[in-house]
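Data first, discussion second: the structure below is written as structure tokens.
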Amino acid sequence: MSEEVSYGWTGKILRVNLSTGEISTLSTEPYKAYMGGMGLANKIMYDEVPAGTDPLSPENKIVFAVGPLTASGVPMAGRTTISTLSCFTKGNLIVDAHCGGMIGARIKQAGWDAIIVEGKSSFPCYINVVDDRVEIKDATNVWGLGTRATNEILCRQESPRACVASIGPAGENLLPYSCIINARNHSAGAGTGAVLGSKLCKALVVEGNGGVNVADPQAVADLSDYMLREVVGSNNNWAVPSTQQEWAEYYDEGSRWTSRKGLYWADAEGHPIETGEPKPGELNTVGYRCMKSTRDFGDAAEKYTIKMNGCHSCPIHCHVDLRVNAAGEAESYAVGGNTCAPNMGWKNVDNFLKIGYKGEDAILWNMVFGNIVDDLGIWCNYCQIYRDLGYCIKNGILEKVLPPEEYASYHWEKLYNNDPTILNELMTAIASNDCELAYIAHGPIVWCERWGVTDWFDNKASKIISYLGFPIHHGAEDCAQSGAVYNTLFNRDCIVHSGSNFSRQGFPLELMRELAAEMWGSSECVDEPEHFTPMNETKAKYAWWCVVTDVLHDSLTLCNWVWPMSASPDRRRNYRGDLDLEAKFFKAVTGLDVTTDDLYKAGARIMTLHRAMTVRDMGTNDLRNEHDRITDWSFDMDPELDPFSEGTTKLDRADMETAFTMLYQQFGWDEKLGCPTAACLDDYGMADVKEDLAARGLLA
């Protein structure tokens with residue numbers, strides 16, 4: 001009798017114990033209520049890693065997990081969640097790192113829904129996976145190398161079909177701000193590099209030669225064509241172009257739909273390629289919409305642009321590929337690029353220093369910075385390290401706290417002499433994790449106290465949103481109170497893009513309010529920019545939706561930088577999106593007949609699990625006062641203006657207490673404490689979690 005086919009999921013999870021060398025397999029079936037990706041990985045961490053575990057001990061685990069839609073043919077279903085314990089926030093709480101690139105697709109094509117790495121090797125090693133053949137191999141020849149050289153060498157050793165996810169010197173040296181890099185510049189941060197480094201594991205190398213069983217391949221193809229033809233926008237789901245174009249009713253200068261006539265991938269292979277004016281309905285021109293190089297770096301970047309690149313199964317292509325020969329001459333790489341924060345390194349430092357390099361010089365400094373941090377495997381914590389570094393240089397803090405001989409060893413004058421090799425000096429020292437400067441990459445919770453600069457937490461320029469030590473990530477400036485409240489719920493920067501994907505689509509305010517009324521029952525969640533109205537129930541529903549869709553996407557796995565499809569660029573649709581597309585694709589791939597509400601409840605379950613693990617590991621259920629605290633600058637900025645005044649994103653303390661209460665109610669959490677209750681855990685089908693928290697005295 002033939003085995004039953006598993007659609008979407010492969011049905012198998014790989015476990016690699018580096019201490020014993022044992023390699024084993026377990027079934028995905030018990031974890032399907034948590035989908036995959038973030039949900040699956042967090043459940044494994046909850047079940048297998050006890051509270052109080054040292055994140056850098058062999059007892060901690062790191063879980064690479066993909067979802068039922070990964071590598072299935074669904075557009076932008078190529079991401080990976082990596083879960084472990086934090087080594088950079090207070091309490092060593094559960095964190096999820098999320099990356100694009102190719103590693104997720106390779107894991108799935110090799111036949112796995114997740115890979116659990118546990119224990120600690122007795123020698124520098126890497127894990128080599130070729131479908132169901134798994135080996136722990138010696139990595140001595142690549143230990144100490146950057147991620148680029150490591151990835152190239154291991155691909156040559158194993159297979160050009162393999163994807164390598166590796167750590168650099170930062171991870172080897174257990175730097176809290178360290179990451180895992182795959183496909184050259186696709187990073188998974190949150191200290192995951194240090195966790196792998198603590199296990200003496202240099203890399204995960206995966207070659208997958210299989211496919212994903214899909215219940216209805218034709219439905220997937222048809223839905224994909226429909227989505228690309230009628231629904232999808234550009235990066236961050238911008239639905240209008242940045243310039244006035246013949247086909248478009250609206251445009252917005254801030255849009256990431258930046259293609260236009262006369263704009264080229266000027267350094268493309270063979271000859272320049274014009275981005276042109278790709279219109280809605282054209283399936284084969286979607287990938288030209290996002291010319292993010294010139295958006296990030298200005299017009300001077302056009303001549304350096306090779307192409308816009310992307311992750312597995314991505315039609316949008318928001319990843320910049322640039323060739324800047326001067327960067328190769330400045331102790332970096334000539335070719336590189338990213339899609340987000342690593343592109344902004346020098347820009348964020350110079351916001352404090354005010355040196356003001358422009359045009360090609362600014363591109364050079366940002367390019368050198370981004371390639372160096374990725375090669376060293378340093379995580380920027382959504383630009384936090386850049387802001388911290390700029391602030392400490394500008395205000396003389398480093399000159400005061402570094403030992404004199406260390407301070408004198410850095411050639412600070414290069415900053416002002418247009419010599420970006422200073423970046424290599426500074427970041428290499430930080431990655432070594434053996435000098436005073438390196439503490440800046442332990443996060444503000446460490447260096448601010450160590451250096452006596454605790455007022456940095458309450459400085460608007462820091463952008464630190466939580467006293468746990470992480471920065472704001474598309475918060476009140478995008479989504480008013482909704483953005484502020486969901487920025488505190490996670491144990492790192494929230495990486496919730498559903499809200500900004502809606503608020504930044506570029507439509508006139510009245511159209512945005514029409515869309516909001518249809519989706520959340522009222523237009524009251526849409527405020528004018530920098531002119532908030534008091535918290536209300538619709539804003540709470542909107543905040544809940546932002547969180548639920550984000551964790552759902554991180555579990556399916558889908559790219560939350562474009563999903564969900566809350567609007568459309570197509571005037572013939574009256575700009576209406578399709579919020580049921582996740583459920584439609586899920587049914588086509590898995591064969592399971594689910595509704596959008598079913599998937600949203602699954603997302604709420606996953607977020608509640610994350611919340612429960614935070615309660616367990618903090619040892620308190622009073623998350624309102626012990627976890628969800630917003631830094632004071634959010635309430636004290638713009639002292640000349642009152643909250644709800646025009647021209648400010650200033651928050652009101654009493655209003656934000658209302659916001660937290662309303663959001664807790666949306667999830668069914670205790671409205672005073674912000675923790676899961678027995679009733680909500682029963683409703684989400686989490687009896688085992690309820691019993692565990694009850695035994696610890698942590699239920700409300």
Side-chain angles (χ1 to χ4, degrees), residues 87-90 170 173 175-179 189 191 341-357 362 365-366 368-370 372-373 376 378-472 492-493 631-633 637:
C87 52
F88 70 93
T89 54
K90 288 182 180 178
N173 297 324
L175 189 75
Y177 274 17
S178 56
C179 63
N343 276 346
M344 308 169 192
W346 176 250
K347 175 183 176 182
N348 277 271
V349 170
D350 200 40
N351 282 341
F352 294 91
L353 302 186
K354 306 298 183 185
I355 296 171
Y357 296 127
W365 280 77
N366 280 298
V368 168
F369 218 160
I372 285 173
V373 297
L376 292 169
I378 295 174
W379 176 53
C380 73
N381 192 9
Y382 200 54
C383 295
Q384 191 63 53
I385 193 172
Y386 307 137
R387 290 188 291 270
D388 293 352
L389 190 61
Y391 178 78
C392 288
I393 295 172
K394 175 66 176 179
N395 291 281
I397 294 167
L398 295 181
E399 190 171 5
K400 293 177 184 177
V401 302
L402 299 190
E405 62 277 12
E406 181 185 347
Y407 186 81
S409 71
Y410 305 120
H411 296 83
W412 300 103
E413 72 279 1
K414 292 181 178 180
L415 288 169
Y416 307 95
N417 294 334
N418 203 10
D419 185 350
T421 60
I422 181 62
L423 301 177
N424 203 12
E425 290 183 36
L426 298 177
M427 302 317 290
T428 298
I430 289 171
S432 72
N433 201 23
D434 64 357
C435 60
E436 190 66 25
L437 179 62
Y439 282 103
I440 207 161
H442 288 229
I445 61 168
V446 173
W447 74 259
C448 284
E449 182 175 348
R450 182 180 178 88
W451 297 344
V453 198
T454 52
D455 59 347
W456 181 230
F457 273 80
D458 293 316
N459 186 326
K460 178 182 177 181
S462 75
K463 297 192 177 181
I464 302 171
I465 190 64
S466 166
Y467 289 106
L468 295 177
F470 47 81
I472 200 165
R492 56 163 297 180
D493 63 308
T631 41
D632 283 342
W633 65 261
M637 66 165 126

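Bear in mind that the values here come from a model prediction, so they are computed numbers and not experimental data. Only this structure's heavy atoms are used, side chains among them; waters, hydrogens and symmetry mates stay out.
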**Message:** Quick check on ring-ring contact (aromatic ring centres under 6.0 Å, His included): which of Phe352, Phe369, Tyr391, Trp346 does Tyr386 satisfy it with?
**Reply:** Phe369
May I ask you to test the [X]-[Y] pair for a side-chain heavy-atom distance under 4.5 Å?
X	Y	value
Tyr357	Leu415	no
His442	Leu175	yes
Trp365	Asp350	no

Show the nearest heavy-atom pair for residues [X] and [Y], with the distance to one decimal.
X	Y	value
Glu425	Ser409	OE1-O, 3.9 Å
Ala429	Cys435	O-SG, 3.4 Å
Cys179	Gly189	CB-CA, 3.7 Å
Phe88	Arg492	CZ-CB, 3.8 Å
Met427	Val373	CE-CG1, 3.8 Å
Ile378	Ala431	CD1-CB, 4.0 Å

**Message:** Determine whether Ile430 and Tyr177 satisfy the following criterion, side chain to side chain contact (heavy atoms under 4.5 Å, CB included), listing intermediate values before the conclusion.
**Reply:** CA-CA 10 Å; Ile430 289 171; Tyr177 274 17; over 6 Å; no
Under 3.5 Å, side chain of [X] to main-chain N/O of [Y], donor-acceptor pair present?
X	Y	result
Lys463	Lys460	no
Asn433	Asn173	yes
Glu406	Glu436	yes
Gln384	Ser462	yes
Asn395	Ile397	no
Asp419	Thr421	yes
Trp633	Ile464	yes

**Item:** Glu413 atom CD: more than 12 heavy-atom contacts under 6.0 Å
**Value:** yes
**Message:** Counting only heavy atoms not in Lys414 (residues, nucleotides, ligands), do more than 12 fall under 6.0 Å from its NZ?
**Reply:** yes
Measure the [atom1]-[atom2] distance between [X] and [Y] for me, rounded to the nearest 0.5 Å.
X	Y	atom1	atom2	answer
Asn351	Lys394	CG	NZ	12.0 Å
Asn417	Trp412	CG	CH2	14.0 Å
Phe457	Glu449	CZ	CD	9.0 Å
Asp388	Ile393	CG	CD1	11.0 Å
Leu376	Thr428	CG	OG1	5.0 Å

**Request:** Walk me through it: do Leu389 and Leu398 pass the test side chain to side chain contact (heavy atoms under 4.5 Å, CB included)?
**Result:** CA-CA 9 Å; Leu389 190 61; Leu398 295 181; 4.2 Å; yes
**Request:** Show your reasoning for whether ring pair (Phe, Tyr, Trp, His ring centres under 6.0 Å) applies to Trp451 and Tyr439.
**Result:** CA-CA 10 Å; Trp451 297 344; Tyr439 282 103; 7.2 Å; no
**Asked** Can you list the steps and then say if Cys392 with Ile440 is a side chain to side chain contact (heavy atoms under 4.5 Å, CB included)?
**Response** CA-CA 9 Å; Cys392 288; Ile440 207 161; 4.2 Å; yes
**Request:** Verify side chain to side chain contact (heavy atoms under 4.5 Å, CB included) between Asn366 and Asn343, making sure each step is shown before the conclusion.
**Result:** CA-CA 6 Å; Asn366 280 298; Asn343 276 346; over 6 Å; no
**Request:** Would you check if there is a donor-acceptor pair between the side chains of Tyr467 and Asp458 at a distance under 3.5 Å?
**Result:** yes
